[in-house]
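Heads up, the thing below is written out as structure tokens.
All values below come from the heavy atoms of this structure, side chains included, with hydrogens, waters and symmetry mates left out. Ligands are counted one by one from 1 in listed order, and the atoms in each one are counted from 1 as well.
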Amino acid sequence: MKRLFVTLALLLAVLPADAFALVPGRERISLNGPWNYIVDPMNTGIYKYQMQLQKPHKRYFADRHFYQDKTTLIEYDFDKAPTLSVPGDWNTQLERLYFYEGSVWYRRTLDFHPQPGKRWFLYFGAVNYQCVVGLNNTILGTHKGGFTPFWFEVTDVLEEGENSLVVWVDNTRGASEVPTLNFDWWNYGGITRDVLLVCVPEVYIQDYRLRFDGSEVAVDVVLDGGSGSVSLEIPELHIRKKACAGKDGVAHFRFRASPERWSPDTPRLYDISIQCGADAITDRVGFRTVRVEGERILLNDQPVFLRGVAVHDETIGPNPGRCRDTEDARALLEAARDLGCNFLRLAHYPHSEQMVRLAEEMGFLLWEEIPCYWNIDWSSEETYANAEKQLTELIGRDANRAATIIWSVANETPPTKERLSFLGKLIAKARELDPTRLVSAAVQKEKPDLYHPVIDDELIALTDLISFNQYLGWYDGRPADCDSVCWFVPSGKPVIISEFGGGALYGNHGSEAERFTEEYLELLYRKNLPMLEKIPALSGLCPWCLKDFRSPKRPLAGIQDDFNRKGLIDEQGRRKKAFYVMQEYYHAVEKNWIWR
Ligand code: GCB
């Protein structure tokens, strides 16, 4: 057992901490498909019976799961177990797992034939919430955080012929976790994003980071496994450069260029290729600048108004679940495009890489977020480390995406000293990891006066934008109250309304005075928009939200039935009346029919 712990510690210590450049574009074997699964609510596979009373850090994998020793755990037989689809959440694949929060073992076998001079990495797009991964007889490592990618080098662990890959997945909520015990979306468990076996040469391009300041392009290329001469090409800009990686394995490129700017109207992407020895990667990148000047957001030096909508990572359809692929993402993005959006708030956790890449191709600006949601454990160092890791993994994955303009570190967090210090550190970390983008956090009004709401959260002194959520006409007052409301928002920074809205069941018609009717929601939007327009520095809007989404906090029978009904479309994509109000408004904004 001791040996297993030592192995685990070493493996974690040598894992690359940065991004893994371009997994989607590399030579790879997909491990998606059916995986055998065993539901294990008592964690029988992870505790030995006599160890049950020990503290959680003494947990370990029962060797038996890897050795497949059927004499000791004869009931736990993967060969006889049914299958779940990967990627996919377990809750919507099996009715009996709809509410399940606990652990599930996954296993698949794979045939492997080593190739000389090649290294192999096992890559997971996301597993919610934590997991331990084992291959053959070796524990590769663990991962916590349900929405970001991670990987392990498996070159020395893969065997010729059949290999057995086992993943223990646990989506139990925890008071000190990120997110914490209480959140308003479905806690989908499982291996929810792609699993890939990625092949690279001995010396490979581990990551690259591209920046553009309006006239100069900087590209840093990080090698792993050795050093060498690196070449970079952007053919359409007639860029062909070479640079040598230094002792740190990083090659730096700096050159002037005048690319066509990426923007929602012209989402122009250029092919870029980077090559070093036997390794070569290609990508598509956009060039744009973003900054704040006074109370305006400038995209390519021009003021931009963010015609946004907030979206959860959940499919459109009769049985919605966690999005699995580009087509699931496309359905959401097409709905947002029909609404007239140029901006999305990807709430409340990192969405998939497919979503981000497709949004970029289609011309959406993005707000990306980590799940520091409501009241997490602000005093815990472990919680902070977890949040910082999720932020680091998100930025590592998407730092080269022109679409992403905002990193958001938190949503509706109660203003305490501990929270300010926690989020202050996180904001500083975001800036350190990526000084080229804006940093924000969605806050709330502090003063309970319905007609004179005030935004005075100390956090906004630390962010580039003032983003706040407000529910006038739903949680506060009635829609008509909006006529008499005057917001006090500190001046000096652009303001984004990161949430507003209310609930309605599609097809539920009635009076404007009756909650959950389409008419009530329509009125709420008609009253909110003129109220919000009066905020002088208003730079963007994000109705909450695009689509009705599952939440166990929403049980109202006949209306909610486990769905938060604040979507502008329902879970099947049908448009509520409020959709057309927002669509008409965004159309007018786009055509400059409104002063903005
Ligand atoms: C909020 C939260 C969002 C909820 C929404 C609601 O303020 O940020 O996650 O879903 O309100 O519907 O209450």
*asked:* Could you check whether any side-chain heavy atom of F183 comes within less than 4.5 Å of a side-chain heavy atom of Y349, counting everything from C-beta outward?
replied: no
*Anything with a heavy atom under 4.0 Å from ligand 1 counts, so go ahead and list those protein residues by chain and number.*
D184, H348, Y373, N411, E412, N469, Y471, Y475, E499, W544, F549, R554, N564, K566
*Does E293 have any side-chain contact (heavy atoms from CB on, under 4.5 Å) partners at least two apart in sequence or in another chain, and if so, which?*
R291, R296, L298
*Mind checking salt bridge (Lys or Arg N to Asp or Glu O under 4.0 Å) for E418 and listing every partner two or more places apart, or none if nothing turns up?*
none
_Quick one, E353 and R397 - any side-chain contact, counting heavy atoms below 4.5 Å?_
yes
_Close side-chain approach of L538 and F305, heavy atoms under 4.5 Å_ = yes
*Applying salt bridge (Lys or Arg N to Asp or Glu O under 4.0 Å), name anything that partners D338, two or more places apart in sequence or on another chain.*
R575
